[in-house]
Protein chains: 2
Amino acid sequence: MSELSEDDRAAVSDVRSAVMRLSRRLRNQRVDESLSPTEMSVLGTLARCGSATPGELARKEHVQPPSMTRIVAMLEGKGLVRREPHPDDRRQVVVSRTSQAEAMLAESRDRRNAWLAELAEGLTDEERAILRQAAPVLEKLAHL
Amino acid sequence: MSELSEDDRAAVSDVRSAVMRLSRRLRNQRVDESLSPTEMSVLGTLARCGSATPGELARKEHVQPPSMTRIVAMLEGKGLVRREPHPDDRRQVVVSRTSQAEAMLAESRDRRNAWLAELAEGLTDEERAILRQAAPVLEKLAHL
DNA sequence: CGATTGTACTTAGCCAAAGTAATAAGCTAA
DNA sequence: TTAGCTTATTACTTTGGCTAAGTACAATCG
């Protein structure tokens, strides 16, 4: 395995504290009041995967199964997600988005523009470029 | 203000979900069992600033003053922080680290190496370079 | 000088989100 | 067929923020 430089150590330490602060702010300044960031994230995952069982979703989101059960129940209550019996295994459940969820996601994407624009004001073009590069790395880090 | 590209929008959206996932993992996989990431972050801030009042710390960490009061109380209870009266203004309090905190931080830094090394295995040199660049941008984003 | 207004921290109580433990139902393989 | 594993769920707890209200002190205005 590769050795870490002093700079790497400092960077990860900085990323760590920045991530904690950002996560707090994202919780408060969420664009859609009715959906927590995690619920939003689950809808995003479903957008990529099409459909999945609660267990799969829990693993992907790095959340315990009971939490995912709760999140799915919430989303189902809001009509954003459908729970269907698994064709082969009657223990399992298949979760998929409803058309209402797709409409909601589209609208939320629009509303997010205002917030993103405001956020982007504080960054230079160069910084935004760095962020574009960093997004997939953070994504990878989150799944490691 | 500058307009955002489609890529920028996608990047910020990805950063958002990655940050939420990472923050959850950081909460669980913390190196020191007895200290929450926020408490750790406060000690780090104190390491940079030397000493500060609870209000200053709350602003730096983007937390409400009552939360900081509780965090400082917790740290004081563990003997990691000292609360002294402000020399000029008897309303204020000056918080500073104890030598025990410095020892703790040093030990934690050592222990973090194992976790960092494991984490680094999954990243390429290029990705680590991106992370080094991204750290200050995330920091800036968290304070915007 | 005294009253009013403002500031800094604290206390008390609430809430959201995630975790653990225990349960129920269903699959699988000896 | 039964013993043991897996999946989802339910019930309860923990954590870590928040707001509102309270206390003590400072500063300012009449």
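Numbered from 1 within each chain, the chains take letters A, B, ... in sequence-line order. Only this structure's heavy atoms are used, side chains among them; waters, hydrogens and symmetry mates stay out. Everything numeric here is computed off the predicted structure, so don't read it as measured data.
B:Val94 and B:Pro87 make their closest contact through CG2-CD, 4.4 Å (heavy atoms, listed as atom of the first residue, atom of the second, distance).
Atoms CE (B:Met68) and P (D:dG17) sit 8 Å apart, rounded to a whole Å. The separation between B:Arg25 atom CZ and D:dT15 atom P is 21 Å, rounded to whole Å. When rounded to the nearest whole Å, the span between CD of A:Gln29 and C1' of D:dG17 equals 15 Å. For the pair A:Leu26 CG and D:dC18 P, the interatomic distance rounds to 14 Å; values are reported in whole Å. B:His62 places its NE2 atom 17 Å from the C1' atom of D:dG16, with the value rounded to the nearest Å. Here the P atom of nucleotide D:dT10 and the CD atom of A:Gln64 are 17 Å apart, to the nearest Å. In this structure, the CZ atom of B:Arg24 is 18 Å from the P atom of D:dT15, given to the nearest Å. For the pair A:Arg59 CZ and D:dT7 P, the interatomic distance rounds to 6 Å; values are reported in whole Å.
Proximity of A:Thr38 to the phosphate of C:dA17: no side-chain N or O atom is located under 4.0 Å from OP1 or OP2. Within the 4.0 Å cut-off from OP1 or OP2 of D:dA8, at least one side-chain nitrogen or oxygen of A:Thr53 is found. OP1 and OP2 of C:dC9 both lie 4.0 Å or more from every side-chain N or O belonging to B:Thr69.
Closest-nucleotide positions on DNA chain D for B:Ile71 and A:Pro54 were compared, and the one nearer the 5' end corresponds to A:Pro54. Heavy-atom nearest nucleotides on DNA chain D were determined for A:Arg70 and for A:Asn28, and the one closer to the 5' end corresponds to A:Arg70.
In this structure the side chain of A:Pro54 reaches within 4.5 angstrom of the side chain of A:Val95, judged on heavy atoms. Here the side chains of A:Met40 and B:Met20 are not in contact, with every heavy-atom distance at 4.5 Å or above. Counting heavy atoms from C-beta outward, B:Leu43 and B:Met104 have side chains that approach closer than 4.5 Å.
Side-chain contact of A:Thr45 with A:Glu61: a donor-acceptor pair under 3.5 Å is present, judged by distance alone.
Side chain of A:Arg27, nearest nucleotide from C:dT20, C:dG19, C:dA17: C:dA17.
Taking every heavy atom of residues 86-97 of chain B and every atom of DNA chain D, pairs under 4.0 Å involve B:Asp88, B:Asp89, B:Arg90, B:Arg91, by number.
Counting only Watson-Crick and G-U wobble pairs whose two key distances fall under 3.5 Å, DNA chain D forms stems of three or more stacked pairs at C:1-30 with D:1-30.
Legend: salt bridge (charged side-chain N to carboxylate O under 4.0 Å, His left out) pairs involving residues 133-144 of chain A, not counting sequence neighbours, sorted by first then second residue: A:Glu139-B:Arg21, A:Lys140-B:Glu127.
For A:His143, the ring pair (Phe, Tyr, Trp, His ring centres under 6.0 Å) criterion is met by A:His62, not counting sequence neighbours. With sequence neighbours excluded, the residues forming a salt bridge (Lys or Arg N to Asp or Glu O under 4.0 Å) with B:Glu84 are B:Arg82, listed by chain and number.
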When the side chains of residues 67-81 of chain A are checked against the rest of the protein, which donor-acceptor pairs come out under 3.5 Å, sequence neighbours left out?
from	atom 1	to	atom 2	distance (Å)
A:Thr69	OG1	A:Pro65	O	3.3
A:Lys78	NZ	A:Ser34	O	2.6

